[in-house]
Q: 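After the structure tokens below, expect a handful of questions from me.
The figures that follow rest on heavy atoms only: side chains count, while hydrogens, waters and symmetry mates do not. Residue numbering restarts at 1 for every chain, and letters A, B, ... go by the order of the sequence lines.
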Amino acid sequence: MNIFVCIKQVPDTTTRIKLREDRNGIDESDIQWIISPHDELAIEEALRLREQQPDSTVTVLSAGPERVTDSLRMALAMGADKAVRLNLPGDADSSMNARSLAAAIGKLGQADIVFTGKEAIDDGAAAVGQSLAVFLDMPCVTVVNSINYGDGAITCRRDVGGGSIEVIEASLPAVVAAQVGLNEPRYATALNIIKAKKKPIDILTAEELGVTEANRKTRLKNFELPPPKKPCRIIEGAPADQAKELVRVLAEEIQAI
Amino acid sequence: MKILIIAEHQNGALSEAAMELFGLPFGQAEVHAVAAGEGVEPLAGPLGQLGVAKLHLINSPALASYTGESFGQALGQFIKQLAPDVVLAAHTPQGKDLAPRLAAALDAALATDCIQVSLDGGQVTARRPVYAGKATAEVEFNGDSLKVITVRPRTVKAPEPDASRSADVAEVAVELPGQKTALKEIIASDNVRPDVTEAAIIVTGGRSLGSAENFSIIENFADSIGAAVGSSRAAVDAGYRPYRDQVGQTGKVVSPQVYIACGVSGAIQHLAGMRTSKHIVAINTDPEAPIFQLADYGIVGDLFEVVPQLTEAAKNRNRS
């Protein structure tokens with residue numbers, strides 16, 4: 001099978017966000033970059049599928065500037081066969097990213113299945129999987145936490161909120177957007193991380209992908225940090241008195257109970 | 001300006017989040033709404049009362065239950081005909097799945113999960129959270145292509161229905177050739193409590209509970225005030241709670257009226273997931289825990305002592 005995985009590099013969840021002086025983006029100087037957590041599930045799922053299906057190839061794609069190379073190497077260290085960076089600006093929107101990922105998959109061969117995360121934890125747009133599927137004319141199942149592989153089709157369970165699950169059957173080729181619970185991503189071993197440093201990372205340019213600034217439909221600007229909070233009111237006393245007072249606050253001041 | 005609202009509905013009723021969309025400030029814009037499904041005619045009454053110039057109904061047995069593919073195709077065809085300037089949907093599990101499909105099919109600009117939308121005077125601006133709420137940013141739309149916008153539930157107040165109003169209704173026919181996806185089954189939630197994304201109050205526990213069994217302390221308190229049970233990532237990773245309950249950047253982003261964090265120190269990724277809660281209460285032994293910087297009310301103390309007392313106090317209050 002020809003398996004593709006689309007990943008995005010994002011700031012680590014422990015990052016304290018600082019804004020650029022012009023407030024049209026964040027200060028990237030002290031950021032630790034990681035593969036967006038749901039995209040790690042997508043890589044893991046692709047590797048497990050390759051283990052079941054001999055003669056499969058896992059190709060990992062990521063759109064972004066030079067820094068994205070580190071995340072692609074991490075995907076290779078986890079076990080992916082090939083990695084391709086789509087040389088796009090770091091602030092490309094989901095429309096531009098999805099266009100270029102679809103064009104890259106089209107260029108690199110007939111995909112049997114495409115995995116991605118249900119959303120990237122930076123902009124949280126949750127848009128690339130579905131958009132990509134439209135461009136590739138494939139069905140797409142989002143927020144997937146389990147997959148059964150059948151003959152030319154897959155049966156997915158998707159998390160539809162409120163704890164309910166939908167069971168969806170989709171014909172292959174298809175795009176699947178991974179949710180937590182789908183699998184437990186493996187760690188790359190130190191040895192494989194070293195080996196991955198020597199592996200080639202192919203590059204496709206925006207020109208080769210036929211993507212231009214016209215494909216960028218939105219741009220984020222005027223970033224704001226949340227307003228500072230008022231100081232916390234500490235409720236003193238013995239536990240029973242503290243409890244009584246808090247319940248009074250919930251009932252009378254906030255009127256929540 | 002022509003605006004189209006996608007009226008999401010479930011079991012014959014408009015969803016709360018869809019009704020809220022009608023509360024946006026539309027100015028002089030021409031407001032249309034569309035409902036897709038099977039047997040959607042009864043929605044005309046309530047939609048008319050919310051103030052719609054024209055209501056479009058896409059009725060088809062093929063749309064009896066939602067799939068992204070069928071709804072994407074049906075609404076995509078209709079939107080192409082109507083040619084609105086802006087399409088609005090709620091950022092619900094369904095709206096989230098659908099909007100990017102429409103944007104891609106219609107070569108539109110997409111802004112999801114917006115917390116502010118202004119459509120006044122022909123200018124469209126939107127603001128959305130980024131980095132799970134660690135910051136917000138304004139969405140600038142390039143060019144004048146169609147804009148597809150999803151709005152976070154509970155950020156706009158739904159208008160009061162006006163019984164004197166009604167909508168002009170039109171039926172729309174669409175073609176849905178060979179579908180590649182099919183809904184086989186819906187498995188209802190086994191959660192006996194409200195879901196964290198829908199609850200007005202959330203009581204959250206962390207790894208300091210020490211075991212899955214000890215979470216009963218949190219559950220008892222939650223039950224005494226009708227709250228949902230939330231969990232930190234550490235407690236989910238330790239196997240104390242299902243992922244469904246996880247609040248944070250890699251779990252669910254929540255915005256309840258009251259968020260009560262018990263023994264949760266407040267890792268940055270957790271704070272990102274709950275910082276927009278209206279009132280935040282922290283209970284923690286460590287007065288320096290970061291959670292106190294976000295909290296409105298705090299108790300410095302051991303949750304194993306304080307929380308059972310809270311349950312008791314809440315029950316006493318219910319009795320009196």
Q: Of the listed residues (V130(B), L183(B), T67(B), I186(B)), which shares the most heavy-atom pairs with chain A below a 4.5 Å separation?
A: L183(B)

Q: What part of V258(B) gets closer than 4.5 Å to chain A, counting heavy atoms only: side chain, backbone, both or neither?
A: side chain

Q: Any side-chain heavy-atom pair from W33(A) and R67(A) closer than 4.5 angstrom?
A: yes

Q: Where does T14(A) contact chain B at under 4.5 Å (heavy atoms): side chain, backbone, both or neither?
A: backbone

Q: Let me know if D137(A) has heavy atoms under 4.5 Å from chain B in its side chain, its backbone, both or neither.
A: both

Q: Under 4.5 Å, counting heavy-atom pairs only, tell me which of T155(A), L246(A), N215(A) racks up the most with chain B.
A: L246(A)

Q: Counting heavy-atom pairs under 4.5 Å with chain B, which one of V160(A), L19(A), I26(A) comes out on top?
A: I26(A)

Q: Using a cut-off of under 4.5 Å on heavy-atom pairs, state which of A135(B), A182(B), A267(B), A109(B) scores highest against chain A.
A: A182(B)

Q: Need one label for V10(A): side chain, backbone, both or neither, based on atoms under 4.5 Å from any heavy atom in chain B.
A: neither

Q: Is it the backbone or the side chain of S145(B) that comes under 4.5 Å from a heavy atom of chain A, or both, or neither?
A: side chain

Q: Quick check: closest heavy atoms across G251(B) and Y243(B), and the distance to 0.1 Å?
A: CA-OH, 3.6 Å

Q: Between I121(A), D93(A), V141(A), who has the most heavy-atom pairs with chain B when the cutoff is under 4.5 Å?
A: I121(A)

Q: Distance alone, cut at 3.5 Å: any donor-acceptor contact between the side chains of N183(A) and E45(A)?
A: yes

Q: Is it the backbone or the side chain of K221(A) that comes under 4.5 Å from a heavy atom of chain B, or both, or neither?
A: both

Q: Which bit of L271(B) comes within less than 4.5 Å of chain A, counting heavy atoms only: side chain, backbone, both or neither?
A: neither

Q: Between R23(A) and chain B, with a heavy-atom cut-off of 4.5 Å, which part of the residue counts as in contact: side chain, backbone, both or neither?
A: neither

Q: Is P228(A) in contact with chain B via its backbone, its side chain, both, or neither, using a 4.5 Å heavy-atom distance?
A: neither

Q: For E253(A), is it the side chain, the backbone, both or neither that has a heavy atom under 4.5 Å from a heavy atom of chain B?
A: side chain

Q: By a 4.5 Å heavy-atom criterion (distance strictly below it), what part of E236(A) contacts chain B: side chain, backbone, both, or neither?
A: neither

Q: Heavy-atom pairs under 4.5 Å with chain A - which of G226(B), A108(B), A132(B) has more of them than the others?
A: A108(B)

Q: Any Lys/Arg nitrogen of D122(A) or K8(A) sitting under 4.0 Å from an Asp/Glu carboxylate oxygen of the other?
A: yes

Q: Could you look at D245(B) and say if it's the side chain, the backbone, both or neither that has a heavy atom under 4.5 Å from chain A?
A: neither

Q: In terms of heavy-atom pairs under 4.5 Å, which option from R275(B), E69(B), R244(B) contacts chain A the most?
A: R275(B)

Q: Let's test your reading of the structure: which of A313(B), G298(B), A99(B) forms the most heavy-atom pairs below 4.5 Å with chain A?
A: G298(B)

Q: For A240(A), which atoms come within 4.5 Å of any heavy atom of chain B: side chain, backbone, both, or neither?
A: both

Q: Which region of Q293(B), side chain (C-beta onward) or backbone (N, CA, C, O), has a non-hydrogen atom less than 4.5 Å from a non-hydrogen atom of chain A, or is it both or neither?
A: backbone

Q: Checking V134(A) against chain B: side chain, backbone, both or neither under 4.5 Å from a heavy atom?
A: side chain

Q: Identify which part of K217(A) has an atom lying under 4.5 Å from any heavy atom of chain B, answering side chain, backbone, both or neither.
A: both

Q: Among V114(A), V143(A), I154(A), find the one that has a side chain to side chain contact (heavy atoms under 4.5 Å, CB included) with V176(A).
A: I154(A)

Q: If I measure from the heavy atoms of chain B, does C140(A) come under 4.5 Å with its side chain, its backbone, both, or neither?
A: both

Q: Which atoms of Q179(A) are under 4.5 Å from chain B, going by heavy atoms: the side chain, the backbone, both sets, or neither?
A: side chain

Q: Quick check on the interface: out of L102(B), T197(B), L110(B), who has the most heavy-atom pairs with chain A under 4.5 Å?
A: L110(B)

